[in-house]
Amino acid sequence: MATASNTANVTPALTMTNIRKEFPGVLALDNVSLTVLPGEVHALLGENGAGKSTLMKILAGAQPKDSGEILLYGQTAHIDSPQKAMSLGVSIIYQEFNLVPYLTVGENIYLGREPRAAIPAFVDFKKLYADAQQVMDKLKVKIDVRAPVHTLSVAQQQMVEIGKATSRQSKIIVMDEPSATLTDHELQSLFTLIRQLRSEGVSIIYISHRLEEVFEVCDRATIMRDGRWIATEEVKNLTREDIIRLMVGRELKDAIPKVAATPGEPALSVKNLCRDGILDNISFTVRKGEVLGIAGLVGAGRTETARAIFGADPITSGTIEVAGKSVQIRSPQEAIKYGIGLVTEDRKQQGLVLGMAVRENNTLANLQALTSMGFVRRAEEKKVAEEYRTSLSIKTPTIEQTVQNLSGGNQQKVVLAKWLFTGAKVLIFDEPTRGIDVGAKSEIYKLMNELAAQGVAIIMISSELPEVIGMSDRILVMHEGRITGELNRAEATQEKIMHLATGGE
């Protein structure tokens with residue numbers, strides 16, 4: 001497909017031409033071009049590793065390009081730092097947040113450009129918080145702008161990032177997976193804001209793996225694959241199948257390919273699990289070979305339940321049984337000992353050591369299996385890492401590549417490899433496909449099916465209802481720290497889940 005829109009009479013807000021970027025062993029961008037019009041919402045699509053984030057980091061001044069040209073409103077732009085990008089009216093909202101945890105919401109929004117008081121070198125905090133409140137009011141989000149960011153939920157932190165970008169009056173805003181942690185209500189508020197910005201002439205580059213969002217809010221779409229430009233087309237001329245075929249280079253049948261399982265004996269039982277003010281008498285059982293889905297809105301207590309079972313957070317009362325035996329789990333180390341693994345929602349902060357190699361991350365949770373007299377048997381460790389690299393199709397030039405240089409989907413596969421190496425019999429997946437493209441999602445669903453067939457008990461927490469319904473044998477629904485209902489696979493619908501998730505019985 002060729003570019004569909006006639007841009008001859010319009011000076012583009014952004015023109016990136018023949019952008020090339022090479023990392024050691026990887027050609028990340030192979031002469032990629034992108035044109036975005038003023039007041040346009042332009043989707044940038046592709047599998048993890050397609051080069052989307054690298055292209056946007058170059059635009060944002062976070063990565064230097066090897067060659068190519070960038071024009072802003074027809075003028076050549078030399079963007080050599082994030083500060084230069086911002087001064088030219090370019091803002092980027094990264095998938096992984098760039099917030100200072102112990103500063104307040106207001107301080108984060110105006111970090112580096114705080115309003116000054118009458119006394120030199122002093123900040124006018126009254127104005128800072130008043131301005132920050134206006135920003136959050138525009139987003140229609142109820143967040144205390146004086147609250148430290150670390151006290152906010154992941155979804156709330158996402159809205160702070162969006163507020164920070166919009167407060168700069170930027171002409172071009174890049175949104176990298178902005179909806180990954182948002183509820184339906186928050187998502188609609190985001191779409192309302194995007195349409196408002198578009199009407200004001202602001203250009204939005206929208207990166208998302210949720211294709212339904214692309215059809216709802218985007219004007220044109222550019223698809224990338226393996227570091228190359230594949231197509232640019234008006235969204236109205238595309239179907240979901242068109243986009244997937246262009247992204248992956250093949251047809252993807254059965255987006256959620258659930259394989260029927262025959263559950264065995266109970267693998268994990270939780271009885272009357274409580275944590276004061278957070279969890280209220282949580283009780284359930286997951287069996288060997290079963291996928292138990294947990295649904296609910298943001299703040300329902302799903303992640304808190306997972307962390308309590310894994311020993312990451314203390315419990316007030318309740319019991320946990322593994323394979324029919326009562327156990328006390330007071331730390332993640334004890335959970336691992338009992339064969340429990342947790343694929344966390346925040347892989348960069350809690351699932352990986354970003355500065356370490358793929359090899360080291362793969363074996364980190366079970367390093368004692370490769371240790372003799374205090375020394376790691378490197379040859380065996382390399383063999384293990386290479387096996388997982390092959391079996392999970394981890395795209396990396398070498399197992400010695402640092403994890404921070406991998407795409408989001410490949411980072412997630414490294415996290416999965418880590419827990420598979422522990423031989424876990426109970427695996428908790430918290431938002432397993434957050435920020436992952438349709439091709440990688442299909443691979444993770446296939447892996448979950450294979451694990452269930454091997455007798456592994458899987459607990460899957462997800463905000464994507466089609467995913468919960470498509471992959472689960474049973475579904476628990478939570479609201480305000482308690483379980484409000486259980487649905488089997490045959491009776492589960494999005495309407496029933498939402499009824500329970502909003503407090504219905």
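The aromatic rings of Phe310 and Trp419 sit perpendicular to each other, their planes meeting at more than 60°, with 30° as the lower class boundary.
When side chains are defined from C-beta on, Leu99 counts as touching Glu161, because their heavy atoms get closer than 4.5 Å. Within the 4.5 Å cutoff, side-chain heavy atoms of Leu420 are placed close to those of Leu451. Side-chain atoms of Met136 and Val145, non-hydrogen and from C-beta on, do get closer than 4.5 Å to each other. You'll find the side chain of Glu40 stays beyond 4.5 Å of the side chain of Arg198, heavy atoms only. Annotation: side chain of Arg389 is not in contact with side chain of Lys413 (no heavy-atom distance under 4.5 Å).
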Original post:
Does the salt bridge (Lys or Arg N to Asp or Glu O under 4.0 Å) test come out yes or no for Glu233 and Arg220, once each step is laid out?
Top reply: CA-CA 6 Å; Glu233 182 59 273; Arg220 290 193 302 155; over 6 Å; no
**OP:** Dump the intermediate steps for salt bridge (Lys or Arg N to Asp or Glu O under 4.0 Å) on Glu464 and Arg210, then the final yes or no.
**Re:** CA-CA 10 Å; Glu464 296 193 32; Arg210 296 179 175 179; 3.5 Å; yes
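Pairing each heavy atom of Ile469 with each of Ile475, the nearest pair is CA-CD1, 4.0 Å.
Look at Arg195 and Glu216 and you find a salt bridge, because one of the NZ, NE, NH1 or NH2 atoms lies within 4.0 Å of a carboxylate O, short of that distance. Ion pair Arg20/Asp30 flagged as a salt bridge, since at least one NZ, NE, NH1 or NH2 atom sits closer than 4.0 Å to an Asp/Glu carboxylate oxygen.
Using modelled atom types, no side-chain atom of His479 and backbone atom of Thr484 make a donor-acceptor pair closer than 3.5 Å.
Open room surrounds NZ on Lys446; 12 or fewer heavy atoms of other groups in view lie less than 6.0 Å from it.
For the side-chain hydrogen bond (donor to acceptor under 3.5 Å, both in side chains) with Thr303, the lone residue among Thr344, Asp430, Asp313 that qualifies is Asp430.
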